[in-house]
Amino acid sequence: VGDIFRTSASIRIKGLKVFDWCAGRFLRLIRPAARTAAPIDLGGLKRILVIRPGGLGDAVVCLPMLAALRRLLPEAQLDVVAERRNVAVFAMARKILHDVYVYDQHPWQVWRAARQRAYDVVLDTEQWHHLTALLSRWTAAEVRVGLDTNERRNRCYTMLVPYRQDRYEAESFLEMLAVLTGREHPLQWSEVSLETTPEARAWAERILPRAPVAAICVEGGIRERSWSATSLLSLLPRLVSWGLQPCLLGRRILGRDARRLAGPSLLDLTGKTSVAQTA
């Protein structure tokens with residue numbers, strides 16, 4: 001716990017990490033769940049809960065599995081537990097989802113709904129944290145599917161799915177559905193449909209040029225996934241020479257050098273767009 005509070009994370013994140021640490025200790029004490037035989041009959045499923053905290057990318061790679069679930073169960077209620085960092089992605093998946101809960105914004109609402117909604121199946125796509133495993137157990141759903149990453153979390157699930165870090169995350173999530181149904185489900189991005197708001201579409205029509213645009217998200221969730229200034233300074237003039245107008249997205253505000261090198265054709269939207277506008 002001392003290590004958690006010595007990090008540079010926000011107080012909210014530190015608090016969540018402490019709760020997760022406590023949940024991991026509590027999970028040692030509970031009895032392991034009885035395993036469910038696979039596959040299960042999808043015919044009687046009425047309510048399904050998918051747990052997907054994390055960042056924007058975590059939400060995006062979960063969408064093919066959610067779309068496949070919607071195709072298999074067009075009449076079922078399909079809900080998601082998200083967090084503030086990625087809820088905007090799920091908010092655009094109106095054709096797929098019913099309700100979206102934000103566990104780090106309204107925690108009591110999430111835990112109450114998880115118990116009262118009487119879910120038939122819970123799919124916990126979180127890989128490591130303990131709180132989501134505890135939430136899965138709290139739902140009392142007869143079928144609870146989780147990724148096989150550590151013994152404490154495994155106690156909460158009735159079905160376990162092998163997990164490999166070298167596998168594309170979207171395929172790992174679809175593997176959870178394969179274990180549940182007993183057959184493979186290919187990755188089909190064509191099934192995924194996101195709807196931005198009319199206001200965001202009107203903004204994009206107004207702000208974007210008619211010329212071909214190359215969009216670059218300059219910042220990732222961690223430093224290793226972000227563009228370095230050197231790489232950007234090398235890339236931007238090339239895009240301009242190819243007749244493309246660079247459009248920069250993300251939270252990081254660029255320095256004067258990058259804007260000067262790209263010239264007047266650069267459309268710098270860093271720090272200026274919502275998730276819906278970015279989409």
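- Between L147 and N154, the shortest heavy-atom contact is O-OD1, 3.8 Å.
- Results of the side-chain contact (heavy atoms from CB on, under 4.5 Å) test with I48 over L66, L123, L42, D120 single out L123 as the only residue that passes.
- The two residues R152 and R28 come nearest to each other via the heavy atoms NH2-NH2, 2.7 Å.
- In the hydrophobic clustering of ILVMFWY residues, with side-chain heavy atoms under 4.5 Å counting as a link, W242 and L236 come out together.
- Listed for the R70 side chain is no donor-acceptor partner under 3.5 Å among the backbone atoms of L97.
- Looking at R52, its side chain never comes within 3.5 Å of a backbone N or O of V61 through a donor-acceptor pair.
- Inspection of the T158 and R35 side chains reveals no N or O donor paired with an N or O acceptor under 3.5 Å.
- Ion pairing between R210 and E205 holds under the 4.0 Å rule for side-chain N and carboxylate O.
- In summary, R155 and E151 engage in a salt bridge, as defined by a charged side-chain N under 4.0 Å from a carboxylate O.
- For the residue pair S231/S234, the side-chain donor-acceptor check at 3.5 Å is not satisfied.
- L45 and L73 get closest at one heavy-atom pair: CD1-CD1, 4.1 Å.
- Checked for salt-bridge contact, D79 and R47 miss the test: no charged N lies under 4.0 Å from a carboxylate O.
- Relative ring orientation between W128 and Y163 is described as perpendicular, the plane-to-plane angle rising above 60° on a 0-90° scale split at 30° and 60°.
- No more than 12 heavy atoms of other residues, nucleotides or ligands lie within 6.0 Å of CD in E142, so this atom counts as exposed by the packing criterion.
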Q.
Between R144 and Y119, does the side-chain hydrogen bond (donor to acceptor under 3.5 Å, both in side chains) criterion hold? Intermediate values first, please.
A. CA-CA 10 Å; R144 302 184 297 274; Y119 289 105; over 6 Å; no
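- Side-chain contact of Q277 with E199: a donor-acceptor pair under 3.5 Å is absent, judged by distance alone.
- Under a 4.0 Å N-O distance rule, the pair R85/D104 does not qualify as a salt bridge.
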